[in-house]
> 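Dropping a structure here in structure tokens format, bear with me for questions.
When a ligand or atom number is given, it counts from 1 through the structure's own listing order.
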Amino acid sequence: MILVAFCLHPAFRYNPIGCPMNPTPSETQTPLPHLQVELDKLKACIHCGMCLPACPTYRATGSEAESPRGRLYLMKKLLEGELQPEAVSPHLEQCLACHGCETVCPSGVQYGKVLLGTREDLAQRDTSFKRRFKRYIFQHVLPNHLLLVIGGALLRFYQRSGLRNLVRKLKLLKPFPQLEYQERLLPDVPARKGLPIGIIFGDLGGEPVSLLTGCVMDIFYNPVHWDTLEVLVANGYRVTVPEQQCCGALAHHAGETDITRELARLNIDDILQSNPKWIVVNSAGCGSTLKEYGHLLAADTRYAQKAEEFASKVVDVMELLAKKPLAPFKNYGMYEKITYHAACHLYHVQKVKNEPVELLAQIPGIELVPLENAEACCGSAGIYNVEQPALSTEILATKMGHIKTVCQKTGATTLATGNPGCHLQLEKGIRETGLPMIVRHPISILAQAYRVPQASPPADKGTS
Ligand code: SF4
Ligand code: SF4
């Protein structure tokens, strides 16, 4: 019923594939064209194995086929026709696409591009219902912001009306373990206050920046956008929120890159119109895909140049703020120990490594305490935690072990991270382990330091 409603509903803006029950044009068998394009990157591997200890799935399974070197070998054999997609796909699906292997590779293998090119080729050959359904979600649900807002409001009602407590108390989801797991993964949805499109905030003479709000981020962590706006304005930027689409990061991650390209064209047309100096993002996963628009549209003669221009303007908000000295803070009343988890798509892909910690360390009263293996994946990885719950849970348990150690040894009470996927995954880990910590986006901590401290209410002296 839900699928039929999806197919018929006029609110969906574009529908080149139609109902997921119908064949898609992309089913035409092709000789792995996207993997072929990345062949030089594949060949750069010298099989040294230095990436193995950095790979979370290899560490969890001990299997060569679940390591970067093993997966590169499988992709090579696929290209040479010695292995069939059915033999290779499961190992590529178990990859987090965390890019952790790239950071340690002495040969500079761009593993992520090889992997995502191959995923795209394999997705195009896959005619299963599951793949069509996922494709439908990426193409018609995530880019439909109104639908997401309604879904978020319903979810908030479910969580706050007592329904969630009832469902959990009566164990109504127990017969559906996958659904039960997903329900526990969801963060508490905040009251959403949409950012007005096209309004100018801040100093009219400041550097013009466009703020991206995304799809999932705007529902689950909407207050982070207001915090971002506040910090940018405090630092003299002229900020607007442009008309925009979902960036297509989740689709790209899953190999549905033609959908990402279509969304990229719409975003380029909408956002470049106002000629911003910077296109600012506060979600690491979105930022890394937006920075890849040039690569993704390199073969599109109409868009290649515009896509390069667009990608060159994209910055993570922490990366932008680190370019100049921060404006003076207002609030000197914060005393807190904070530890930082580096989102893979910020650290390994965008190479924004030290900026968040260096910016937070400037707030008087904040003490940064290091987290062991801070740059190791938490197991969220797009929709990996939904699709691969067992491995994701194991990888999260390793991460939580390090977080527990730092919390108990230092008394850190806040875990900072700059990606919505990591945020919800780590919140789940903290809820389940019962650690006395909260997860916050670094920009929210900075925003707090730019607010005038509230005057404390006068002490109650009693009536006698
Ligand atoms: S570290 Fe790089 S070159 Fe060495 S096996 Fe891994 S991917 Fe290949
Ligand atoms: S991207 Fe991450 S999970 Fe995949 S092979 Fe590289 S290190 Fe392992």
> Any donor-acceptor pair under 3.5 Å linking the side-chain atoms of Arg440 with those of Gln448?
yes

> Got an N, O or S from Cys51 under 2.8 Å of atom 8 (Fe) of ligand 2?
no

> At their closest point, which heavy atom of Leu142 faces which heavy atom of Leu148, and how far apart are they?
O-CD1, 3.4 Å

> Is the shortest side-chain N to carboxylate O distance from Glu309 to Lys306 below 4.0 Å?
no

> Is any NZ, NE, NH1 or NH2 atom of the basic residue among Glu319 and Lys291 found under 4.0 Å from an Asp or Glu carboxylate oxygen of the other?
yes

> Is it the case that Ser444 and Asp227 place a side-chain donor and acceptor less than 3.5 Å from each other?
yes

> Got Arg135 and Asp258 here, is their nearest side-chain heavy-atom distance under 4.5 Å?
yes

> Looking at Phe133, I'd like to know if the NZ or CZ of Lys130 sits under 6.0 Å from its six-membered ring centre while staying within 45 degrees of the ring's axis.
no

> I'd like to know whether CD of Glu243 has more than 12 heavy-atom contacts from other residues, nucleotides or ligands below 6.0 angstrom.
no

> Show the atoms of ligand 2 that are less than 4.0 angstrom away from any heavy atom in Thr57.
3 (S), 8 (Fe)

> What protein heavy atom sits nearest atom 4 (Fe) of ligand 2, and how far away is it?
Cys95 SG, 2.3 Å

> Please report which non-hydrogen protein atom sits nearest to atom 5 (S) of ligand 1, along with the residue it belongs to and the distance in Å to one decimal place.
Gly49 N, 3.2 Å

> Side chains of Tyr221 and Asn282: donor-acceptor distance under 3.5 Å anywhere?
no

> Using a 4.0 Å heavy-atom cut-off, which part of Val104 comes near ligand 1: side chain, backbone, both, or neither?
neither

> ring-ring contact (aromatic ring centres under 6.0 Å, His included) for His423 and His441? Distances and angles first, verdict last.
CA-CA 8 Å; His423 200 134; His441 195 294; 7.5 Å; no

> Inspect the surroundings of NZ in Lys323 and state if more than 12 heavy atoms from other residues, nucleotides or ligands are less than 6.0 Å away.
yes

> Side chain, backbone, both or neither: which part of Arg71 has a heavy atom under 4.0 Å from ligand 2?
side chain

> Rounded at 0.5 Å granularity, tell me how far NE2 in His341 sits from OG1 in Thr417.
4.0 Å

> Confirm or rule out an N/O/S atom of Cys101, from backbone or side chain, lying less than 2.8 Å from atom 6 (Fe) of ligand 2.
yes

> Should the proximity of Tyr111 to ligand 2, defined as any heavy atom under 4.0 Å, be assigned to the side chain, the backbone, both, or neither?
side chain

> Counting only heavy atoms, which portion of Cys45 has something under 4.0 Å from ligand 1: side chain, backbone, both, or neither?
both

> Relative to ligand 2, is Ala97 under 4.0 angstrom through side chain, backbone, both or neither, heavy atoms considered?
backbone

> Enumerate the atoms of ligand 1 whose separation from the nearest heavy atom of Ser107 is less than 4.0 angstrom.
3 (S)

> If you count the atoms of ligand 2 from 1 in the order shown, which ones are under 4.0 Å from a heavy atom of Cys55?
3 (S), 5 (S), 7 (S), 8 (Fe)

> How far is atom 2 (Fe) of ligand 1 from its nearest protein heavy atom, and which residue and atom name does that atom have?
Cys105 SG, 2.3 Å

> Looking at atom 3 (S) of ligand 1, what's its closest protein heavy atom, distance included?
Ile46 N, 3.3 Å

> Return yes when Gly108 approaches ligand 1 closer than 4.0 angstrom through a heavy atom, no otherwise.
no

> For Pro106, take its heavy atoms, then give the atoms of ligand 1 lying under 4.0 Å from any of them.
1 (S)

> Should you measure from each heavy atom of Leu72, which atoms of ligand 1 turn up under 4.0 Å away?
7 (S)

> Report, in ascending order of atom number, the atoms of ligand 1 lying under 4.0 Å from any heavy atom of Cys48.
1 (S), 3 (S), 4 (Fe), 5 (S)

> At a 4.0 Å threshold, what atoms of ligand 2 neighbour a non-hydrogen atom of Leu96?
3 (S), 4 (Fe)

